[in-house]
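Report on the structure given below.
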Amino acid sequence: MLRLRSSAVIAASLGLAATFATSSARAANEDEAVTEPDVRPTLLWLATQLVPSPEIAYGDSMSRFGARWQITPVLYSWGINRKLSPWRFLVAEPLTRQSGSIELFFSPEYLFYGSRFTDGLVWRTGVRSYFPIVERGDYLSVSAGASHFTLGDRNGAALEAGAYVLYGTVGAQVTWSPSIAPMRWIATFRVRVF
């Protein structure tokens with residue numbers, strides 16, 4: 001009986017010590033100073049944004065090659081430290097985007113379509129959300145979005161889904177547009193340097 005009581009006292013003491021250590025560590029993390037990241041457009045950042053993501057569009061029983069760029073005017077992240085500002089303008093760090101966010105985007109594209117150069121220009125605006133799956137989105141994240149686009153003199157709407165790895169720098173997106181046949185389905189191998 002004495003052994004049982006002393007074992008219970010030892011177990012309770014260890015439990016209290018573990019609880020105290022956990023709460024002390026949590027308090028220390030809450031007291032740590034957090035510094036806003038110094039993110040802003042630079043010449044190097046601008047140069048990397050000029051690298052397009054290749055895509056293949058399918059419609060009218062034909063495939064067409066294309067390229068897509070992306071600009072993110074504004075992003076709101078709910079997955080970062082609450083002491084940091086969740087808003088990003090033009091430049092968003094990978095952790096900010098892939099850990100859970102919603103963004104407004106502008107995405108110019110070019111499809112090899114039509115007889116004139118301007119026939120293949122696509123102007124797309126939309127909204128997209130990112131959701132982390134593995135390691136807060138660093139190893140794997142997914143997205144869902146919707147957009148409005150203009151191809152020549154025609155307008156359309158599209159839905160999209162994507163999956164991303166390597167901190168969001170490499171991914172695949174599938175876009176579905178029921179309204180314009182030459183680009184009903186678009187598969188994009190997304191390469192994104194932040």
Side-chain angles (χ1 to χ4, degrees), residues 22-55 66-110 122-150 156-177 185-194:
T22 302
S23 64
S24 296
R26 198 175 296 138
N29 287 339
E30 290 174 2
D31 292 338
E32 287 181 16
V34 178
T35 306
E36 286 289 339
D38 184 26
V39 292
R40 64 183 183 277
T42 63
L43 288 176
L44 178 60
W45 173 84
L46 183 60
T48 60
Q49 300 307 302
L50 297 176
V51 176
S53 294
E55 64 184 17
R68 181 183 292 194
W69 295 264
Q70 182 172 307
I71 300 166
T72 303
V74 63
L75 178 136
Y76 178 85
S77 177
W78 62 81
I80 60 173
N81 188 316
R82 295 191 189 279
K83 293 181 180 181
L84 296 173
S85 171
W87 296 98
R88 298 294 185 267
F89 302 95
L90 290 178
V91 183
E93 319 87 294
L95 177 63
T96 304
R97 177 176 276 118
Q98 304 308 128
S99 65
S101 64
I102 187 166
E103 69 181 4
L104 297 175
F105 68 88
F106 170 66
S107 183
E109 299 171 48
Y110 185 77
V122 180
W123 306 102
R124 184 182 304 273
T125 57
V127 62
R128 182 183 299 121
S129 289
Y130 293 87
F131 304 96
I133 302 297
V134 179
E135 291 294 324
R136 296 183 54 191
D138 291 347
Y139 296 159
L140 177 64
S141 62
V142 296
S143 70
S147 62
H148 169 270
F149 64 90
T150 302
L159 299 174
E160 70 172 47
Y164 315 91
V165 296
L166 299 175
Y167 304 95
T169 58
V170 177
Q173 288 178 327
V174 175
T175 306
W176 175 67
S177 172
W185 291 96
I186 299 176
T188 305
F189 176 70
R190 195 175 93 165
V191 179
R192 179 124 191 209
V193 182
F194 295 87

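Residue numbers run from 1 in the order of the sequence given.
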Rounded to the nearest 0.5 Å, how far does [atom2] of [Y] lie from [atom1] of [X]?
{"X": "Leu140", "Y": "Glu135", "atom1": "CG", "atom2": "CD", "answer": "11.0 Å"}
{"X": "Tyr167", "Y": "Leu95", "atom1": "OH", "atom2": "CG", "answer": "10.0 Å"}
{"X": "Ser101", "Y": "Phe131", "atom1": "OG", "atom2": "CZ", "answer": "8.5 Å"}
{"X": "Trp176", "Y": "Ile186", "atom1": "CH2", "atom2": "CD1", "answer": "13.0 Å"}
{"X": "Gln173", "Y": "Gln70", "atom1": "CD", "atom2": "CD", "answer": "7.0 Å"}
{"X": "Leu50", "Y": "Trp45", "atom1": "CG", "atom2": "CH2", "answer": "9.5 Å"}

Kindly check if the number of other-residue, nucleotide or ligand heavy atoms within 6.0 Å of CG (Leu43) is above 12?
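Check fails, neighbour count at 12 or below.
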
Go through the steps to decide whether Val170 and Phe189 satisfy the test side-chain contact (heavy atoms from CB on, under 4.5 Å), and finish with yes or no.
CA-CA 8 Å; Val170 177; Phe189 176 70; 3.7 Å; yes

If you compare all heavy atoms of [X] against all heavy atoms of [Y], which two are closest, and at what distance to 0.1 Å?
{"X": "Phe89", "Y": "Val74", "answer": "CE2-CG2, 3.5 Å"}
{"X": "Tyr164", "Y": "Ser143", "answer": "OH-OG, 2.6 Å"}
{"X": "Ala157", "Y": "Ser177", "answer": "O-OG, 3.1 Å"}
{"X": "Arg124", "Y": "Ala158", "answer": "NH1-CB, 3.5 Å"}
{"X": "Tyr110", "Y": "Trp69", "answer": "N-CZ3, 4.3 Å"}
{"X": "Leu75", "Y": "Ala92", "answer": "CD1-CB, 4.2 Å"}

Can you check whether Gly100's main-chain N or O pairs, donor with acceptor, with Ser77's side chain at less than 3.5 Å?
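Yes: the side chain of Ser77 pairs with the backbone of Gly100.
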
Is a side-chain donor or acceptor of Ser53 paired with a backbone partner of Val191 at a separation under 3.5 angstrom?
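Yes, the answer is positive, given that a donor and an acceptor are paired below the 3.5 Å cut-off.
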
Polar side chain donor-acceptor pair, Arg97 to Thr72, under 3.5 angstrom:
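Side chains of Arg97 and Thr72: pair found under 3.5 Å.
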
Trace of the side-chain contact (heavy atoms from CB on, under 4.5 Å) decision for Trp123 with Phe149
CA-CA 5 Å; Trp123 306 102; Phe149 64 90; over 6 Å; no

Please name all residues satisfying salt bridge (Lys or Arg N to Asp or Glu O under 4.0 Å) with Arg68, sequence neighbours left out, ordered by chain then number.
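Salt bridge (Lys or Arg N to Asp or Glu O under 4.0 Å) check on Arg68 returns Glu55, Glu109.
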
Residues in salt bridge (Lys or Arg N to Asp or Glu O under 4.0 Å) with Arg40, at least two apart?
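Residues passing salt bridge (Lys or Arg N to Asp or Glu O under 4.0 Å) with Arg40: Asp38.
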
Do the side chains of Arg88 and Glu103 get close enough for a salt bridge, i.e. N-O under 4.0 angstrom?
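So Arg88 does not pair with Glu103 through a salt bridge.
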
